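Scroll down for the structure; my scribbles are underneath it.
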Amino acid sequence: MKIPDSVRIGGVVYAVRYEKRLNNGSNLAYGHIDYDKALIRLASNLQSFQGECQTFLHEILHGIAKHFGLDVEDDEETIDKLARGLYMVIADNPDIFR
């Protein structure tokens with residue numbers, strides 16, 4: 001899986017940027033989506049590439065939930081489980097998404 005420089009979610013193009021010390025406002029974080037700035041931020045050097053991919057998918061799922069008014073937008077546990085599951089499908093079936 002390749003993490004792109006930008007991704008379109010719900011018709012909005014989100015830039016993807018890496019930051020050394022990412023903070024979500026009160027804690028260090030692996031990732032964050034900023035809806036107002038159309039930006040997905042990922043922490044660099046905090047986790048493996050597999051972890052970065054899962055975090056990227058995690059933030060995308062937050063974006064999907066927000067743009068489509070899903071009740072799971074603020075449910076970190078559900079979003080995380082979905083991100084891990086989606087990553088497994090992509091990793092185990094790479095030819096489907098090429």
Side-chain angles (χ1 to χ4, degrees):
M1 181 175 155
K2 179 181 183 271
I3 297 177
D5 294 331
S6 65
V7 62
R8 184 181 303 268
I9 304 170
V12 177
V13 176
Y14 286 81
V16 178
R17 301 287 181 262
Y18 283 91
E19 294 184 12
K20 287 188 179 190
R21 291 187 54 84
L22 182 58
N23 188 304
N24 68 2
S26 59
N27 298 310
L28 286 177
Y30 291 124
H32 180 260
I33 186 167
D34 186 324
Y35 304 110
D36 295 328
K37 294 180 181 175
L39 176 65
I40 292 175
R41 300 180 300 149
L42 301 172
S44 61
N45 302 321
L46 286 183
Q47 54 189 339
S48 67
F49 182 68
Q50 177 178 323
E52 287 181 10
C53 291
Q54 289 176 358
T55 299
F56 176 63
L57 292 171
H58 179 104
E59 300 310 326
I60 286 174
L61 289 169
H62 273 299
I64 291 169
K66 170 77 171 176
H67 284 282
F68 294 100
L70 302 176
D71 291 335
V72 297
E73 180 195 349
D74 295 323
D75 183 347
E76 287 297 320
E77 184 177 346
T78 298
I79 292 288
D80 200 49
K81 287 177 181 178
L82 288 169
R84 289 174 188 273
L86 183 56
Y87 177 77
M88 287 189 306
V89 170
I90 292 168
D92 290 345
N93 303 279
D95 294 336
I96 293 174
F97 298 99
R98 292 184 187 198

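Computed from a predicted model, the values in this text were never measured in an experiment.
Partners of Gln50 under the side chain to side chain donor-acceptor pair (under 3.5 Å) rule, at least two apart in sequence or in another chain, do not exist in this structure. For Arg17, the side chain to side chain contact (heavy atoms under 4.5 Å, CB included) partners two or more places apart in sequence, or in a different chain, are Ala15, Leu39. Take Thr78 and apply the side chain to side chain contact (heavy atoms under 4.5 Å, CB included) test, not counting sequence neighbours, and it matches Val72, Asp75, Leu82.
Judged by distance alone, the side chains of Glu19 and Ser44 never bring a donor and an acceptor atom under 3.5 Å apart.
Applying the ring-ring contact (aromatic ring centres under 6.0 Å, His included) definition to pairs two or more places apart or across chains, those involving residues 38-60 are His58-His62. Applying the side chain to side chain donor-acceptor pair (under 3.5 Å) test to residues at least two apart or on different chains, the pairs with a partner in residues 2-16 are Tyr14-His67. Residue pairs meeting the side chain to side chain donor-acceptor pair (under 3.5 Å) criterion with at least one member in residues 81-93, sequence neighbours excluded: Gln54-Arg84, Glu77-Lys81, Asp80-Arg84.
Remark: the backbone N or O of Ile33 is paired with a side-chain donor or acceptor of Glu59 at under 3.5 angstrom.
Both Ile96 and Ile90 sit in one connected hydrophobic cluster of ILVMFWY residues. Membership requires side-chain heavy atoms under 4.5 Å apart, directly or through other members.
Side-chain atoms of Ile9 and Ile40, non-hydrogen and from C-beta on, do get closer than 4.5 Å to each other.
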Requested in this report: Please lay out, stage by stage, how Tyr35 and Val12 fare under the test side-chain contact (heavy atoms from CB on, under 4.5 Å).
Outcome: CA-CA 9 Å; Tyr35 304 110; Val12 177; over 6 Å; no

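In this structure, CG in Leu86 is found 11.0 Å from CD1 in Ile79, a value given to the nearest 0.5 Å.
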